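What you are looking at is a predicted structure, and each value in this text was computed from that prediction instead of being measured.
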Amino acid sequence: MFRSLTRRLLKLALYLGLASMGLVLMLRWVPPPFTALMIERKIESWGTGEAIDLERDWRPWAELPGNLKMSVIAAEDQKFAEHWGFDFAAIRAAIEHNEEGGSLRGASTLSQQVAKNLFLWSDRSWLRKGLEVWFTALIELFWPKQRILEVYLNSVEWGDGIFGAEAAARHHFDKGAPDLSDRQASLLAAVLPNPREWSASRPTAYIERRARWIRQQVRQLGGTNYLAEMRTPHP
């Protein structure tokens, strides 16, 4: 009985693994119609009784502004073009920082954030982290860097019910994403650590300082030239 159960569990794991690989491969070309985080936010709103309308309009890579692409990289993952989904130096630094106490520091790359937002739930369980590693590896295997950043910018949360660059630009600045100024792009990137509490359109002094730092980092990274030189390791 034990052997039979083990074989069935192994078969189930194999089928789920193959299904997840097929899904990630399909989403290399097909825009995901929704994300796990969007579903989670909708369910949360049902639980609290506060209605929430989810706003999201897909913008293809060519229509996403270079200043926003670079602002997000500068703010969230400056080694995005170099790593294969995991920044181990940042992970070690975060572990050391967290062991010292105080506020928790994360070390998620953009690839990890895409994996979590697209496929998983929000808690910090070991199961969730394990699945995050699996989906991050698949994303890095099957998607070029350009696609990872495209999906990220179209899926990331920028306020209650606000998902993706187009919805964020219209909500915060009453304009389309392609028309964002450098300052507006940096403000959107500056609030990403806590987009439900911080506002890009009503920035605090701290957010303004962070946005200035982001613009400085964008220049140091080489501006949009960085995008042209991004590693694309998979055909």
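- Side-chain contact between Arg215 and Arg212: present, with at least one pair of heavy atoms (C-beta onward) separated by less than 4.5 Å.
- Side-chain N or O atoms of Lys69 include none that pairs as donor or acceptor with a backbone N or O of Leu149 at under 3.5 Å.
- Residues Val191 and Leu187 have side chains not in contact (no heavy-atom distance under 4.5 Å, counting atoms from C-beta outward).
- Under the 3.5 Å distance criterion, the side-chain polar atoms of Asn117 are left unmatched by any main-chain donor or acceptor of Thr35.
- Looking only at side-chain heavy atoms (C-beta outward), Gln184 and Ser201 stay at 4.5 Å or farther from each other.
- Residues Arg210 and Pro203 have side chains not in contact (no heavy-atom distance under 4.5 Å, counting atoms from C-beta outward).
- Note that the CZ atom of Arg28 and the CD1 atom of Ile148 stand 10.0 Å from one another [nearest 0.5 Å].
- From Ser111, atom OG reaches atom CZ of Phe80 across 5.0 Å, with rounding to the nearest 0.5 Å.
- More than 12 heavy-atom neighbours from other residues, nucleotides or ligands sit within 6.0 angstrom of CH2 on Trp29.
- Under the 4.5 Å side-chain heavy-atom criterion for Ile, Leu, Val, Met, Phe, Trp and Tyr, Phe119 and Tyr15 are members of distinct hydrophobic clusters.
- Residues Ser122 and Glu40 approach most closely at OG-OE2, 2.9 Å, considering heavy atoms.
- Contact annotation: the side chain of Arg56 approaches that of Ser155 to within less than 4.5 Å [non-hydrogen atoms, C-beta and beyond].
- Using a 4.5 Å heavy-atom threshold, the side chains of Met21 and Trp134 count as touching.
- A pairwise comparison of heavy atoms in Leu110 and Asp77 identifies N-OD2, 3.0 Å as the closest pair.
- Qualifying side chain to side chain contact (heavy atoms under 4.5 Å, CB included) partners for Asn194, counting only residues two or more places apart in sequence or in other chains: Glu197, Trp198.
- Across Val151 and Pro32, no two heavy atoms sit closer than the pair CG1-CG, 4.4 Å.
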(request) Evaluate salt bridge (Lys or Arg N to Asp or Glu O under 4.0 Å) for Arg124 paired with Glu132, printing each intermediate quantity in order. (result) CA-CA 11 Å; Arg124 294 176 176 271; Glu132 181 182 309; over 6 Å; no

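- Under a 3.5 Å cut-off, the side chain of Thr109 and the backbone N or O of Gly85 do form a donor-acceptor pair.
- In this structure, Ala165 and Leu64 approach most closely via the heavy-atom pair CB-CD2, 4.0 Å.
- Linking ILVMFWY side-chain heavy atoms closer than 4.5 Å, directly or via other members, places Leu127 and Leu10 in two distinct hydrophobic clusters.
- Hydrophobic clustering (side-chain heavy atoms under 4.5 Å, transitive across Ile, Leu, Val, Met, Phe, Trp, Tyr) groups Leu141 together with Val114.
- A salt bridge links Arg196 with Glu44; the closest basic N to acidic carboxylate O contact falls under 4.0 Å.
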(request) Applying side chain to side chain contact (heavy atoms under 4.5 Å, CB included), run through Trp84 and Thr136 and close with a yes or a no. (result) CA-CA 9 Å; Trp84 289 77; Thr136 300; over 6 Å; no

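- Residues Tyr152 and Ile73 fail the side-chain proximity criterion, which asks for heavy atoms closer than 4.5 Å.
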(request) Quick one: do Phe142 and Leu27 satisfy side chain to side chain contact (heavy atoms under 4.5 Å, CB included)? Show the steps, please. (result) CA-CA 9 Å; Phe142 292 133; Leu27 292 178; over 6 Å; no

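- Residues Leu16 and Met26 are members of separate hydrophobic clusters, defined by side-chain heavy-atom contacts under 4.5 angstrom among Ile, Leu, Val, Met, Phe, Trp and Tyr.
- Here CZ of Arg202 is found 12.0 Å from CD1 of Ile207. Values are rounded to the nearest 0.5 Å.
- Using a distance-only test at 3.5 Å, with no hydrogens or angles considered, no donor-acceptor pair links the side chain of Glu166 to the main chain of Arg59.
- Between Glu208 and Arg183 there is a salt bridge, since at least one side-chain N of the basic residue sits less than 4.0 Å from a carboxylate O of the acidic one.
- Within a 6.0 Å sphere centred on CG of Asp123, other residues, nucleotides and ligands contribute more than 12 heavy atoms.
- Between the NE2 atom of His171 and the CG atom of Asp174 there is a distance of 11.0 Å, given to the nearest 0.5 Å.
- Residue Phe34 belongs to a hydrophobic cluster whose other members are Leu37, Met38, Ile39, Ile43, Trp46, Ile52, Leu54, Phe163, with links defined by side-chain heavy atoms closer than 4.5 Å.
- Listed for the Trp158 side chain is a donor-acceptor partner under 3.5 Å among the backbone atoms of Leu188.
- Here the side chains of Val218 and Asp182 are not in contact, with every heavy-atom distance at 4.5 Å or above.
- Checking side-chain atoms of Asn67 against main-chain N and O of Ala185 turns up no donor-acceptor pair under 3.5 Å.
- Minimum heavy-atom separation, Pro65 to Leu180: CG-CD1, 4.4 Å.
- For the atom pair OG of Ser4 and CG of Leu9, the computed distance is 9.5 Å after rounding to the nearest 0.5 Å.
- Note on Glu55 versus Arg170: no salt bridge recorded, every NZ/NE/NH1/NH2 to OD/OE distance being 4.0 Å or above.
- Checked by atom type and distance alone, the side chain of Glu140 never pairs as donor or acceptor with a backbone atom of Ala137 at under 3.5 Å.
- Between Gly176 and Ala169, the closest heavy-atom pair is C-CB, 3.8 Å.
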(message) What verdict does the side chain to side chain contact (heavy atoms under 4.5 Å, CB included) test give for Lys145 and His83, after you've listed the backbone C-alpha separation in whole Å, the side-chain angles of each residue and the deciding distance to 0.1 Å?
(response) CA-CA 10 Å; Lys145 290 291 186 179; His83 63 63; 3.6 Å; yes

(request) Given side chain to side chain contact (heavy atoms under 4.5 Å, CB included), test Trp61 with Leu153 step by step and report yes or no. (result) CA-CA 9 Å; Trp61 174 262; Leu153 287 172; 5.6 Å; no

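- Judged purely by atom type and a 3.5 angstrom limit, Arg128 has no side-chain atom pairing as donor or acceptor with the backbone of Leu120.
- By the criterion of side-chain heavy atoms lying less than 4.5 angstrom apart, applied directly or through intervening Ile, Leu, Val, Met, Phe, Trp or Tyr residues, Trp126 is not grouped with Phe135; the two fall into different hydrophobic clusters.
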